[in-house]
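First comes the structure, then the notes that go with it.
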Amino acid sequence: MAHPLEASTHTSPDNQQQTAVAVSDLIKTVVARNGELTILSGLNLQIKSGESAAIVGASGSGKSTLLGILAGLDQPSAGSVVLADTRIDHLDEDSRARVRGEHVGFVFQSFQLLPNLTALENVMLPLELVGRKDAFKRADDLLKRVGLDQRTDHYPRQLSGGEQQRVAIARAFAGEPDILFADEPTGNLDEKTGEKIIDLLFQVNRENGTTLVLVTHDLSLASRCDRVLHLHGGVLKEAE
Ligand SMILES: Nc1ncnc2c1ncn2[C@@H]1O[C@H](COP(=O)(O)OP(=O)(O)OP(=O)(O)O)[C@@H](O)[C@H]1O
Ligand SMILES: [Mg+2]
């Protein structure tokens, strides 16, 4: 599909890297009790394939809102969103779900595990949905990698917050996404477990060329990313 942002990835011979996600003039307003609230106010961003970017900013500055729009979970009020070479801002939920299913992994701030499925079943689900025969083995391996091999049969309510977060991370990796969005991926983890999870995120970023877009308050995590972007006043500023 032709769109204005494609030109920038194809015209420069020096720039062979594809764009993973790009937004221009992004606006998000919501209707609150005391009137319309502008959360994002004309924001621009381009992230290349394989890049890692941290989005930082005060609580309530709109980081989760932005991440949801970048990942095609939510729609902007205005502006364009191009995800994995597809313009998604005007697509309906079903079409956006298809793009997400093919390209996107998402770790929610609130985990959003399915309560009636065990840890293993939560990680297997996205694999079973696309008919992968190795769903059990892959889910089992991923839970080992996040240190939960002793907890595969536990339901979310039987897991600590940090353990639920690790199941959510394993689930996000399950479909080998091109782009992984993670909202505070280490927010509920102790320092040592957090470091292990961060190492895993960057290992997958290196080995599979996965693009990483993280929201974090953790400055040591942010500083490990290729780019740090500050969200303030509804727009992003790149850190020097
Ligand atoms: N659907 C909505 N209706 C009304 N207000 C909303 C809605 N969604 C978000 N907001 C408001 O928009 C602002 C941004 O919310 P968002 O969750 O994106 O912030 P955040 O930067 O992720 O914060 P935190 O660091 O605390 O997670 C908040 O003030 C929130 O109350
Ligand atoms: Mg948030």
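In this chain, residues are counted from 1 in sequence order. Just so you know, ligand 1 is whichever comes first in the structure, and atom 1 is the first atom listed for that ligand.
Classification of Glu93 and Arg96 as a salt-bridged pair holds, one side-chain N sitting under 4.0 Å from a carboxylate O. Glu176 has a carboxylate O that lies under 4.0 Å from a charged side-chain N of Arg132, or vice versa, which qualifies the two as a salt bridge. Remark: Lys48 does not engage Asp226 in a salt bridge, criterion side-chain N to carboxylate O under 4.0 Å. Ion pair Lys144/Asp140 flagged as a salt bridge, since at least one NZ, NE, NH1 or NH2 atom sits closer than 4.0 Å to an Asp/Glu carboxylate oxygen. Salt-bridge check for Lys192 with Asp190: failed, with every basic side-chain N at 4.0 Å or more from each acidic carboxylate O.
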Please tabulate, for side-chain N and O atoms in residues 30-40, each donor-acceptor pair with protein atoms closer than 3.5 Å (sequence neighbours left out).
none

Which pairs of N or O atoms, one from ligand 1 and one from the protein, are separated by less than 3.5 Å, and what is the distance for each pair?
from, atom 1, to, atom 2, distance (Å)
ligand 1, 18 (O), Ser64, N, 3.4
ligand 1, 18 (O), Thr65, N, 2.9
ligand 1, 18 (O), Thr65, OG1, 2.6
ligand 1, 19 (O), Gly62, N, 3.4
ligand 1, 21 (O), Ser61, N, 3.3
ligand 1, 21 (O), Gly62, N, 3.0
ligand 1, 21 (O), Lys63, N, 2.9
ligand 1, 21 (O), Lys63, NZ, 2.9
ligand 1, 22 (O), Ser64, N, 2.9
ligand 1, 22 (O), Ser64, OG, 2.9
ligand 1, 23 (O), Gly60, N, 2.8
ligand 1, 25 (O), Lys63, NZ, 2.7
ligand 1, 26 (O), Ser59, OG, 2.6
ligand 1, 27 (O), Gln109, OE1, 3.2
ligand 1, 27 (O), Gln109, NE2, 2.9

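Of all protein N, O or S atoms, those under 2.8 Å from the Mg ion (ligand 2) number 2.
Leu214 is listed as a side-chain neighbour of Cys225, based on a closest heavy-atom distance under 4.5 Å.
Tested against Leu45, the residues Val21, Leu70, Val235 include a single side-chain contact (heavy atoms from CB on, under 4.5 Å) partner, Leu70.
Listed by chain and residue number, nothing satisfies the salt bridge (Lys or Arg N to Asp or Glu O under 4.0 Å) test with Glu184 (two or more places apart in sequence, or in another chain).
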